[in-house]
Q: 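Below you'll find the structure I mean.
Just so it is clear, the values below take in all heavy atoms, side chains as well, and ignore hydrogens, waters and symmetry mates. Sequence positions, counted from 1, serve as the residue numbers for this chain.
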Amino acid sequence: KNQFNFFVGGPSSSEKEKTHIIFGLPNEFANFTGRKDILNQMKSTKLLVSGTRGVGKTQLTSAFAYNQLAEYKKNQGKVGFRSIIWLIAGTDEGVDNQGLLSEQLQRLATELNIDPKQFKGRELAKTIYERVGLKYGPYAVVFDNAHNHLSIQDFLPPSSATIIITTCNSNQRDWDPSYKSISLGVFSDDDAHDYVKVYLSQNHGHLYQEHNARRLAETLGNFPLALT
């Protein structure tokens, strides 16, 4: 499993001096490449990214999050996100764990100087989102590896926030139809080649040959996890 960042951004840990919230966001994938067309389609306030396990949903969504954080800084807050809350919504086996979601929100509440013992269930989530929206917005909440809409509905932020859900469950009947849906497949031939090229250049640059890189990608079916 990837290493995850758990911190509240800003120049110090003082509540008065915090400038933004970055919670749970995976470390940036150094060899992420391609998917440009899909990244351009992800600008929606309610987004569902579905695909089989290992197809790159987390990498894609993480790349989009970093892109939007950068856009916010570059454009002085006119576009993008100021803050990101990334929540693991289910296990690798696809079984949802609401206890895991609650635990993550309790950790975030503590970082925000909110006593989680004073709130139960959705009230804690509501209190956190109100604090983040008021002081650190605009913000997005990512529910990574959710099983269905019902399993996360008690933890959803208000409509003022951007919501991104990743899932292996492509059954649209299990999801809110108001979400923009992106079905993620394997890499295109060119993206698969570029992915292998970037990986080899960072780790084994002397081994790169375009013909062999394309043959490797083809042999592995352009499947992101197999190419990693």
Side-chain angles (χ1 to χ4, degrees), residues 1-30 32 35-36 38-49 57-89 100-119 122-146 152 154-166 179-180 182:
K1 193 68 177 179
N2 300 310
Q3 294 299 309
F4 288 81
N5 295 316
F6 287 93
F7 67 93
V8 177
S12 78
S13 60
S14 169
E15 176 69 22
K16 294 181 179 180
E17 297 180 354
K18 291 170 185 171
T19 59
H20 59 283
I21 303 297
I22 307 295
F23 182 86
L25 180 63
N27 293 329
E28 200 163 6
F29 293 91
F32 180 85
R35 309 279 204 187
K36 292 182 179 179
I38 299 177
L39 285 169
N40 290 333
Q41 298 174 32
M42 294 181 70
K43 295 181 179 180
S44 174
T45 57
K46 299 170 73 175
L47 180 67
L48 176 70
V49 181
K57 300 181 297 296
T58 296
Q59 282 195 10
L60 176 73
T61 304
S62 173
F64 178 70
Y66 278 105
N67 175 272
Q68 291 302 295
L69 289 170
E71 285 292 309
Y72 181 86
K73 293 181 180 179
K74 179 181 178 181
N75 295 282
Q76 299 179 327
K78 295 180 181 179
V79 295
F81 311 140
R82 183 183 179 189
S83 298
I84 298 282
I85 298 173
W86 185 292
L87 301 172
I88 303 172
L100 180 60
L101 281 169
S102 296
E103 178 184 339
Q104 292 169 87
L105 288 175
Q106 288 170 11
R107 293 180 64 184
L108 178 55
T110 300
E111 294 284 356
L112 295 171
N113 294 328
I114 297 171
D115 184 359
K117 296 179 181 179
Q118 293 185 3
F119 304 93
R122 69 174 64 189
E123 287 303 313
L124 178 59
K126 179 180 178 181
T127 302
I128 288 173
Y129 296 142
E130 287 178 348
R131 174 75 60 86
V132 174
L134 180 63
K135 293 190 174 184
Y136 311 111
Y139 71 103
V141 181
V142 177
F143 294 90
D144 192 21
N145 203 24
I152 61 173
D154 287 346
F155 302 92
L156 292 172
S159 58
S160 57
T162 293
I163 306 171
I164 306 174
I165 302 169
T166 75
Y179 281 65
K180 180 178 181 179
I182 293 179

Q: Sequence neighbours left out, what passes salt bridge (Lys or Arg N to Asp or Glu O under 4.0 Å) with D154? Give chain and number order.
A: R122
Q: Less than 4.5 Å apart, any side-chain heavy atom of L112 and any of T127?
A: no
Q: For the pair I21 and E111, evaluate side chain to side chain contact (heavy atoms under 4.5 Å, CB included) and give the outcome as yes or no after the intermediate values.
A: CA-CA 10 Å; I21 303 297; E111 294 284 356; over 6 Å; no
Q: Whether the side chain of T61 engages the backbone of K57 through a donor-acceptor N/O pair (distance < 3.5 Å, no angle test) should be reported.
A: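 Side chain of T61 to backbone of K57: a pair is present.
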Q: Nearest 0.5 Å, what's the OG1-OH distance between T19 and Y136?
A: 8.5 Å
Q: Given side chain to side chain contact (heavy atoms under 4.5 Å, CB included), test S160 with Y129 step by step and report yes or no.
A: CA-CA 10 Å; S160 57; Y129 296 142; over 6 Å; no
Q: Looking only at heavy atoms, which two atoms of P157 and I163 are closest? And how far apart?
A: CG-CG1, 3.6 Å
Q: State, yes or no, whether a side-chain contact exists between S102 and F155 at a heavy-atom distance under 4.5 Å.
A: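 A side-chain contact exists here, since the closest heavy-atom pair is under 4.5 Å.
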Q: If you look at every heavy atom in F23 and R107, which pair is closest and at what distance?
A: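 Reported closest heavy-atom pair: CZ-CB, 4.2 Å.
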Q: Between Y179 and K46, what is the shortest heavy-atom contact and its length?
A: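 Shortest heavy-atom contact: CE1-CE, 3.3 Å.
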Q: What I'd like to find out is whether the side chain of F119 reaches to under 4.5 Å of the side chain of K126, using heavy atoms alone.
A: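 Counting from C-beta outward, F119 and K126 never come under 4.5 Å.
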Q: If every non-hydrogen atom of Q106 is compared with every non-hydrogen atom of P116, which pair is closest and at what distance?
A: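 Looking at all heavy atoms of both residues, the closest pair is CG-CB, 4.0 Å.
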Q: Write down the atom of A109, the atom of L124, and the distance for their closest heavy-atom approach.
A: CB-CD1, 3.9 Å
Q: NZ of K180 to CD of Q41: how many Å apart, nearest 0.5 Å?
A: 5.5 Å
Q: Nearest 0.5 Å, please: how far is CG in L47 from OG1 in T166?
A: 10.0 Å
Q: About how many Å separate CG of D144 and CD1 of I165, when rounded to the nearest 0.5 Å?
A: 11.0 Å
Q: With the side chain counted from C-beta on, respond yes when K43 and Q68 share a heavy-atom pair under 4.5 Å apart, and no when they do not.
A: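 A side-chain contact under 4.5 Å exists here.
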Q: Once you round to the nearest 0.5 Å, how far does CD1 of I85 lie from CG of L108?
A: 5.0 Å
Q: In the structure I gave you, are the side-chain heavy atoms of V49 and F64 within less than 4.5 Å of one another anywhere?
A: no
Q: Return yes if some donor-acceptor pair links the side-chain N/O of N67 with the main-chain N/O of A63 below 3.5 Å, else return no.
A: no
Q: Using side-chain heavy atoms (C-beta onward) and a distance below 4.5 Å, is V141 in contact with V132?
A: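 Answer no - side chains too far apart.
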Q: For a quick test of reading the model, state the closest non-hydrogen atom pair linking L105 to A125 and the distance between them.
A: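 Taking every non-hydrogen atom into account, CD1-CB, 3.9 Å.
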Q: Quick check: does any side chain N or O of S83 sit under 3.5 Å from a backbone N or O of I22, one acting as donor and the other as acceptor?
A: no
Q: Atom CD in Q104, atom CG in L100: separation rounded to 0.5 Å?
A: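 The CD atom of Q104 sits 4.5 Å away from the CG atom of L100.
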